[in-house]
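Encoded as structure tokens, the structure appears first; notes follow it.
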Amino acid sequence: MRRALRLAARGWGRTAPNPMVGAVIVRDGVVVGVGHHAHFGEPHAEAMALDQAGDRARGADVYCTLEPCNGHGKQPPCSEALIAAGVRRVVAAIPDPNPAKAGGAAALRAAGIAVEFGLESAEAAEQNAPFLHWAGGATRPWVTLKLAVSLDGAIAGADRARGWLTGESARREVHRLRASADAIAVGIGTAIADDPALTVRGVRKPRVAPLRVVFDRSARLPADSQLARTARRLPTLIVTRDPSSDAARALATRGVEAVEAGDLPSALHALHARGVRHLLVEGGATLTGALFGANLVDRLVIFQAPVLLGAGALHAFSAVPSADTGALARWRVVERTPFEDDLMTILAPPGR
């Protein structure tokens with residue numbers, strides 16, 4: 001199953017809106033077929049593994065990271081392919097909550113094939129967390145908040161000058177994270193201060209370029225910003241209170257779309273309605289505080305650099321509501337990975 005999970009990860013940024021899935025077929029203790037869902041619309045992991053195994057799949061055990069699909073789409077149901085191949089047993093890490101594709105386990109059992117769940121389920125669920133969030137009926141995107149901070153928790157020095165806190169290796173990982181998201185968002189303060197491009201660079205390109213989003217209540221995004229200047233080529237959207245304002249209409253002439261929302265929850269609902277299942281937010285402090293205040297952070301990714309910014313620095317969590325010291329809830333560490341001198345920590349909120 002661990003090998004199947006590693007195979008599934010090869011589809012990073014290429015399978016959405018489908019999940020990443022890997023499969024390994026074993027007969028008499030020997031791996032006879034492997035596969036992964038490489039690209040949306042192409043064969044699923046089980047089909048690829050069965051094709052590689054051929055006749056050796058008969059009587060074999062199949063390990064897959066997600067319950068085999070049981071619905072027709074761009075590809076036929078994997079449950080039917082497994083039944084036709086005569087496999088003996090299917091071990092799936094987690095069930096498929098998507099009602100359009102679920103039911104594979106029942107179909108396999110009805111055909112006399114043993115089905116088991118639960119092996120490496122936590123890792124499998126984490127690998128496809130945004131998909132599972134959507135398929136489970138969520139009405140807002142899965143929100144990953146990414147922050148680059150100093151040792152003292154700041155995102156900018158007292159001079160507020162632009163500059164990189166982290167090294168090249170960590171920044172490359174940020175671009176890999178971007179490739180997994182449907183949209184990348186910043187607050188208007190960050191958009192003005194940093195003039196970001198919010199594109200995926202230096203890593204394998206995603207199948208679809210992420211939508212670029214600015215939370216911009218008063219439509220203050222500069223017309224000469226990188227986002228506005230490239231909006232006709234790369235989809236760009238502002239979330240604002242009044243899409244009919246003169247400022248919003250001026251941005252529309254550059255190709256920037258405006259979506260109306262009065263608060264952050266309604267903004268996320270509007271993005272979800274546009275097909276955004278996974279939203280990667282890249283600060284700054286005001287937007288971070290608003291997300292925490294509304295309990296809208298599903299994963300927090302912190303890149304910590306070994307530098308100190310000292311007195312007067314802008315701290316990442318300065319706008320987060322205060323907590324009672326006597327009742328602090330601990331965040332769960334999902335992953336810690338060093339990138340040269342920088343440290344990436346992925347955390348899950350308490351209880352999730």
Side-chain angles (χ1 to χ4, degrees), residues 13 16 140-141 143-148 155-156 159-165 171-172 174-203 205-264 266-291 296 314 319:
R140 65 162 178 85
V143 175
T144 299
L145 173 62
K146 186 278 299 181
L147 297 168
I155 57 177
D159 59 2
R160 302 299 191 264
R162 292 180 59 191
W164 298 112
L165 290 180
R171 297 200 300 272
R172 187 181 305 112
V174 171
H175 283 275
R176 195 184 75 87
L177 293 175
R178 287 180 176 184
S180 73
D182 299 310
I184 307 165
V186 294
I188 184 57
T190 298
I192 292 173
D194 294 348
D195 191 23
L198 301 185
T199 55
V200 178
R201 305 182 299 276
V203 298
K205 295 289 186 183
R207 184 180 70 87
V208 178
L211 174 70
R212 304 180 303 175
V213 176
V214 181
F215 290 95
D216 185 7
R217 290 181 179 179
S218 303
R220 293 191 293 129
L221 182 68
D224 61 351
S225 65
Q226 289 196 78
L227 292 171
R229 286 189 285 106
T230 58
R232 294 201 181 281
R233 180 168 54 87
L234 295 168
T236 306
L237 179 151
I238 60 169
V239 180
T240 185
R241 284 177 173 170
D242 184 9
S244 64
S245 68
D246 291 343
R249 287 202 301 269
L251 286 169
T253 65
R254 307 298 297 266
V256 178
E257 183 182 356
V259 169
E260 181 177 3
D263 55 26
L264 198 50
S266 61
L268 294 183
H269 288 307
L271 290 173
H272 183 273
R274 290 179 54 89
V276 176
R277 299 180 180 184
H278 183 194
L279 178 68
L280 175 64
V281 179
E282 299 194 6
T286 301
L287 182 54
T288 293
L291 287 167
L296 292 171
L314 176 60

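Basis for what follows: all heavy atoms, side chains included, without hydrogens, waters or symmetry-related copies.
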* Asked: So how far is it from His278 NE2 to Ile184 CD1, rounded to the nearest 0.5 Å?
  -> 10.0 Å

* According to the side chain to side chain donor-acceptor pair (under 3.5 Å) rule, which pairs have a member within residues 239-256, sequence neighbours left out? -> Asp242-Ser244, Asp246-Arg249

* Asked: Is there a donor-acceptor pair closer than 3.5 Å between any side-chain N or O of Thr230 and the backbone N or O of Arg233?
  -> no

* Single hit among Leu145, Leu147, Val174 for side chain to side chain contact (heavy atoms under 4.5 Å, CB included) with Glu282 -> Val174

* Structure fact -> Heavy atoms of Ala247 and Ala219 approach each other most closely as CB-O, 3.4 Å

* To do: Using the side-chain contact (heavy atoms from CB on, under 4.5 Å) rule, take His272 and Leu279 through it: C-alpha gap first, then chi angles, then the decisive distance, then the call.
  => CA-CA 9 Å; His272 183 273; Leu279 178 68; over 6 Å; no

* Structure fact -> Correct closest heavy-atom pair for Gly187 and Leu287 would be N-CD2, 3.5 Å

* Asked: Less than 4.5 Å apart, any side-chain heavy atom of Leu264 and any of Phe215?
  -> yes

* Pairwise distance CG(Leu296) to CZ(Arg140) - rounded to 0.5 angstrom -> 5.0 Å

* Kindly compute the distance separating CD (Glu257) from CZ (Arg212), expressed to the nearest 0.5 Å. => 13.0 Å

* Structure fact -> For Ala248 and Ala258, the nearest pair of non-hydrogen atoms, with its separation, is CB-CB, 4.3 Å

* Taking all atoms of both residues into account, what is the closest heavy-atom pair of Val276 and Ala183, and its distance? -> CG1-CB, 3.8 Å

* **For Thr190, side chain to side chain donor-acceptor pair (under 3.5 Å) partners two or more places apart** => none

* Please report the shortest heavy-atom distance between Ala285 and Ile155, naming the atom on each side. => N-CD1, 3.8 Å

* Please examine the side chains of Leu234 and Thr199, heavy atoms only from C-beta on, and report whether any two atoms are closer than 4.5 Å. => yes

* Which pairs with one or both residues in residues 215-231 pass salt bridge (Lys or Arg N to Asp or Glu O under 4.0 Å), sequence neighbours excluded? -> none

* Structure fact -> To the nearest 0.5 Å, atom CD1 of Ile192 lies from atom CG of Leu227 at 11.0 Å

* Asked: How many angstroms lie between CG in Asp182 and CG in Leu211, if you round to the nearest 0.5 Å?
  -> 9.0 Å

* To do: Look only at the side chain of Gln226 and the backbone of Asp195, and say whether a donor-acceptor pair between them is shorter than 3.5 Å.
  => yes

* Structure fact -> Of all heavy-atom pairs linking Ala148 and Leu165, the shortest is O-CD1, 3.5 Å

* How many angstroms lie between CG in Leu237 and CG in Leu251, if you round to the nearest 0.5 Å? -> 11.0 Å

